[in-house]
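Notes follow once the structure below has been shown.
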Amino acid sequence: MLVMDGIVKTFFPGTVNERRALAGLSLTLDEGDFVTVIGSNGAGKSTLLNSISGRIAVDGGTISIDGRRVNRLREFQRARYVGRVFQDPMAGTAPNLTIEQNLALAARRGRPRGLGRGLTRKQRERFREELRVLQLGLEDRLHAKVGLLSGGQRQALSLLMAGFTQPRILLLDEHTAALDPQRADLVTRLTQRIVEQGGLTTLMVTHNMEQALALGNRLIMMHEGRIVFEATEERKRRLTVPDLLAEFQKIKGATLDDRALLG
Ligand SMILES: Nc1ncnc2c1ncn2[C@@H]1O[C@H](COP(=O)(O)OP(=O)(O)OP(=O)(O)O)[C@@H](O)[C@H]1O
Ligand SMILES: [Mg+2]
């Protein structure tokens, strides 16, 4: 479904600030795979996601989705294939638009603009139903500006919006990291539900090892722009946090932050 082969990305090449973010990374995802991604700060996790969504252009290697090479497609051209939720709750939604307007935009994503400007009653009812499931009371606030919502509410909304269009691939970048434990838990459960319901192929970056083990059918660990450890179904099910810590320790120079250790 997704094939990445020999992906290389260097920021500020040839300068003192040169950073090799991806160093020949290869990764293949099958339809419905749910892969959790862990790794120390600067390992290249966000750059991996950015290269899939087209936010950044890679220097080398090929990326294909459904057998179609997407290297040259710009970010907005890939929006039809890719849904994503970031760490920052403010990033995924438009604060000055209402909940309803945000959802309508998401539902239209990747389609020609100008189609069906007005919202039909059926669409509005669908939005209400989807929101009701979140149990955040948002179904009664369709006309409230999104900027008034809490971080957790916005993150839940972002996730709903990302799942809305049934993207070919869902990219989650520490999307629960900025939330309090209760809200993080809610968004984690919502993630599981949306991924399962839609059978979405998903890449989820997290610093929380418990979460990385609890979710998904595959796990990868990145370091210095490469995948240094990988576990699929069987092996992942048996993996423990101490196993992961041991794997981290095998990597020379890798440091773990407090979030990972305490998570
Ligand atoms: N837009 C950018 N411009 C310049 N350098 C960048 C940019 N994005 C990432 N980098 C560099 O690329 C490397 C990988 O960064 P990346 O953000 O992918 O790491 P990460 O694994 O997501 O880390 P974290 O866990 O801290 O989010 C780092 O050295 C970083 O400084
Ligand atoms: Mg990152």
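Because the structure is a prediction, the values reported are computed rather than measured. Whatever order the structure lists ligands and atoms in, that order sets their numbers, starting from 1. All residue numbers refer to positions in the sequence shown, counting from 1.
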Which option out of Leu49, Asn50, Thr206, Thr47 puts a heavy atom nearest to atom 18 (O) of ligand 1?
-> Thr47
If you measure from atom 24 (P) of ligand 1 to every heavy atom of Asn41, Leu48, Ile38, which option wins on shortest distance?
->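 It is Asn41 that holds the nearest heavy atom.
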Donor-acceptor side-chain pairing of [X] and [Y] below 3.5 angstrom:
| X | Y | result |
| --- | --- | --- |
| Arg69 | Ser64 | no |
| Thr188 | Asp185 | no |
| Asn217 | Glu233 | yes |
| Ser53 | Arg84 | yes |
| Thr62 | Asp5 | no |

Minimal heavy-atom distance between Leu239 and Ala231, with the atoms involved, is CD1-CB, 3.7 Å
Under 4.0 Å from a heavy atom of [X]: which atoms of ligand 1 are those, numbered in the order shown and with their elements?
| X | answer |
| --- | --- |
| His207 | 25 (O) |
| Glu174 | 25 (O), 27 (O) |
| Ala43 | 19 (O), 20 (P), 21 (O) |

With heavy atoms only and a cut-off of under 4.0 Å, state how Arg19 meets ligand 1: side chain, backbone, both or neither.
-> side chain
Using a cut-off of 6.0 Å, state whether more than 12 heavy atoms not belonging to Arg126 lie near its atom CZ.
->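 More than 12 heavy atoms, drawn from other residues, nucleotides or ligands, come within 6.0 Å of this atom.
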Before signing off on this row, confirm whether Ala21 and ligand 1 have an N or O atom pair separated by under 3.5 Å.
-> no
Would you check whether Gly42 has a nitrogen or oxygen atom less than 3.5 angstrom from a nitrogen or oxygen atom of ligand 1?
->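 There is such a contact, yes.
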Is there an N/O/S atom in Thr47 that lies less than 2.8 Å from the Mg ion (ligand 2)?
->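 No, Thr47 does not qualify, because none of its backbone or side-chain N, O or S atoms lies under 2.8 Å.
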Under a heavy-atom criterion of less than 4.0 Å, does Gly44 contact ligand 1?
-> yes
